[in-house]
Novice: 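Attaching a single structure in structure tokens format; questions to follow.
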Amino acid sequence: MSSGLIVVKGPASPVLSGRVADAMGISPLQLEYKIFPDGETYIRFPESVAGKEVAVIQSCYPPQNKNLIDLLFIVDAARDMGAERIAAVVPYFAYARQDDAYRNGEAVSARTIARLAEAAGASTFLTVDMPSNKALRFFTIHSENLTCMGTIGEYLKTLSLRNPHVLAPDDGAIPLAETVSATLGTEYAWFEKTRDKVTGSVSTSGKDVDLRGRDAIIVDDVISTGKTIANTAQIAKKQGARTVTAACAHLLLTGDAEQTLRSAGVDQVFGTDSIETGPGSHPVSIAPVLAEALKKTW
Ligand code: R5P
């Protein structure tokens, strides 16, 4: 690992970046940061990062446009100051879901973000559990989609669930379910989800899984409206699940998601410190995963 590494506290990830720095045995760099009365952001490095390797930890959860522009300002300023290498560490990669033109004429938003991050000066892009690896093809710099599912599995072990069974709510979540079930030493199954390309509404068809008397664990990358998890939870309950726990990397809980999950019979839901504001519980830290990846990268 480089001795010149600086971990920058992105304004959206002050807690997480502190934990990453701790895990690497260094102090994080606090930027000067203020918001002008009209909403524009001011960012200043209080010390030189010339010749250093700089990791900017900034998860781009809602308000994603603001968090993204702040990320770009920080990366660009670090490059201007002569940073040797810059890692944009973006656990929640906003717009990653729009990784293709699924209808003619659609903006491929993930590609735009990749281009902007590179244009600002990032030499590495690290993200965590995005819906698929497809968006990685937009980067010409080193990019990685890390997973925190092993850490989530370790946390699930502490919950004393009874004869747990892991469920993936769609095929995209199969690798996540595989990792969590391997960590727990239990089985997993996956359901099929279809999403209407125009309205975005989701429908789920289950598989014949005997969940009688068992505690179901549904894992996903993101929980936003909660509808994906709610559909899966309802099927799990019908198939006899005693309780339903939902776990994800990025717990957004937009709108009335909490109510949607409760009504579907979800007993508990949690995420990670990828998200630092808003509703819900974020007991798992992804800091060890990020610190490990940074050590390997540099
Ligand atoms: C996309 O399919 C993702 O993997 C998630 O399943 C999805 O983003 C969850 O969104 P929501 O909570 O709104 O159903």
Side-chain angles (χ1 to χ4, degrees), residues 12-13 15-16 59-62 64 90-97 127-133 135 145-159 161 164-184 188-191 193 195 202 204 215-236 241 243-262 264-290:
S13 299
V15 174
L16 175 60
S59 202
C60 290
Y61 56 88
Q64 48 277 75
V90 186
Y92 183 67
F93 179 176
Y95 298 105
R97 280 175 283 189
T127 187
V128 177
D129 290 310
M130 62 175 172
S132 84
N133 286 330
N145 182 24
L146 307 166
T147 184
C148 67
M149 289 296 141
T151 318
I152 283 188
E154 292 299 334
Y155 179 74
L156 283 161
K157 279 185 187 169
T158 69
L159 300 183
L161 297 173
H165 193 295
V166 178
L167 297 171
D170 54 35
D171 57 356
I174 292 174
L176 283 56
E178 272 172 357
T179 305
V180 172
S181 63
T183 309
L184 291 171
Y188 77 91
W190 59 281
F191 290 174
K193 179 174 87 176
R195 185 184 288 277
V202 291
T204 305
D215 289 335
I217 299 166
I218 310 172
V219 293
D220 209 350
D221 52 341
V222 182
I223 300 176
S224 181
T225 65
K227 288 181 182 147
T228 297
I229 297 292
N231 286 356
T232 309
Q234 281 164 343
I235 297 169
T243 66
V244 175
T245 296
C248 68
H250 315 288
L251 187 62
L252 300 182
L253 294 178
T254 52
D256 53 5
E258 285 178 293
Q259 182 54 39
T260 302
L261 294 173
R262 256 195 308 274
V266 175
D267 297 277
Q268 58 185 330
V269 56
F270 68 87
T272 75
D273 52 6
S274 162
I275 311 296
E276 294 195 19
T277 60
S281 163
H282 311 269
V284 175
S285 181
I286 59 173
V289 172
L290 299 179

Novice: Would you please say whether a donor-acceptor pair under 3.5 Å links the side chains of D273 and S285?
Specialist: yes
Novice: Donor-acceptor check, side chain of D129 to backbone of A249, threshold 3.5 angstrom: yes or no?
Specialist: no
Novice: Would you mind reporting whether T260 and T225 have side-chain heavy atoms less than 4.5 Å apart?
Specialist: no
Novice: Could you pull out the closest heavy-atom pair between M149 and C248, with the gap in Å?
Specialist: CE-C, 4.5 Å
Novice: Quick one: are L161 and I217 in side-chain contact, heavy atoms under 4.5 Å?
Specialist: yes
Novice: Apply the test side-chain hydrogen bond (donor to acceptor under 3.5 Å, both in side chains) to residues T243 and D267: give CA-CA distance (whole Å), side-chain angles for both, the deciding distance (0.1 Å), then the verdict.
Specialist: CA-CA 6 Å; T243 66; D267 297 277; 4.6 Å; no
Novice: For residues T151 and E154, determine if any side-chain heavy atom of one lies less than 4.5 Å from a side-chain heavy atom of the other.
Specialist: no
Novice: On a heavy-atom basis, which atom in E258 and which in G280 lie closest, and how many Å separate them?
Specialist: OE2-N, 4.1 Å
Novice: Could you walk me through whether F191 and I235 pass the side-chain contact (heavy atoms from CB on, under 4.5 Å) test, one step at a time?
Specialist: CA-CA 9 Å; F191 290 174; I235 297 169; 3.6 Å; yes
Novice: Please check if any side-chain donor atom of E178 sits under 3.5 Å from a side-chain acceptor atom of Y188, or the reverse.
Specialist: yes
Novice: Determine, step by step, whether F270 and L159 satisfy the side-chain contact (heavy atoms from CB on, under 4.5 Å) criterion, reporting the C-alpha distance in whole Å, the side-chain angles of both residues, the deciding distance to 0.1 Å, and the verdict.
Specialist: CA-CA 12 Å; F270 68 87; L159 300 183; 4.1 Å; yes
Novice: Please report the closest heavy-atom contact between A233 and V244, naming both atoms and the distance.
Specialist: CB-CG1, 4.0 Å
Novice: With a 4.5 Å cut-off on side-chain heavy atoms, are P169 and K193 touching?
Specialist: no
Novice: Which heavy atom of A246 sits nearest a heavy atom of I223, and at what distance?
Specialist: CB-CD1, 4.2 Å
Novice: When you measure from the side chain of S59 to the backbone of I275, do you find a donor-acceptor pair of N or O atoms at a distance under 3.5 Å?
Specialist: no
Novice: Could you tell me whether a side-chain N or O of Y61 sits under 3.5 Å from a main-chain N or O of A12, the two making a donor and an acceptor?
Specialist: yes
Novice: Does V166 form a side-chain contact (heavy atoms from CB on, under 4.5 Å) with L184? I'd like the steps, not just the answer.
Specialist: CA-CA 9 Å; V166 178; L184 291 171; 4.1 Å; yes
Novice: How long is the gap from OG on S224 to CG on L252, to the nearest 0.5 Å?
Specialist: 5.0 Å
Novice: Rounded to the nearest 0.5 Å, what separates atom NZ in K157 from atom OG1 in T183?
Specialist: 6.5 Å
Novice: Below 4.5 Å, heavy atoms only, C-beta onward: do V128 and T147 meet side chain to side chain?
Specialist: no
Novice: Does either side chain, that of T232 or that of T204, offer a donor lying less than 3.5 Å from an acceptor on the other one?
Specialist: no
Novice: Please determine which of D171, L176, D170 meets the side chain to side chain contact (heavy atoms under 4.5 Å, CB included) test together with I174.
Specialist: D171
Novice: Do E276 and S13 make a side-chain contact, defined as non-hydrogen atoms from C-beta onward lying under 4.5 Å apart?
Specialist: yes
Novice: For G226 and L261, which heavy atoms make the closest approach, and how far apart are they?
Specialist: O-CD2, 3.5 Å
Novice: Within a strict 4.5 Å, meaning less than it, do heavy atoms of the L156 and P164 side chains meet?
Specialist: no
Novice: Could you measure the distance from the CZ atom of R97 to the OG atom of S132? Nearest 0.5 Å is fine.
Specialist: 12.0 Å
Novice: Taking all non-hydrogen atoms of both residues into account, name the closest pair between L290 and P91 and its distance.
Specialist: CD1-CG, 4.1 Å
Novice: Does the side chain of L251 reach to within under 4.5 Å of the side chain of T272, using non-hydrogen atoms?
Specialist: no
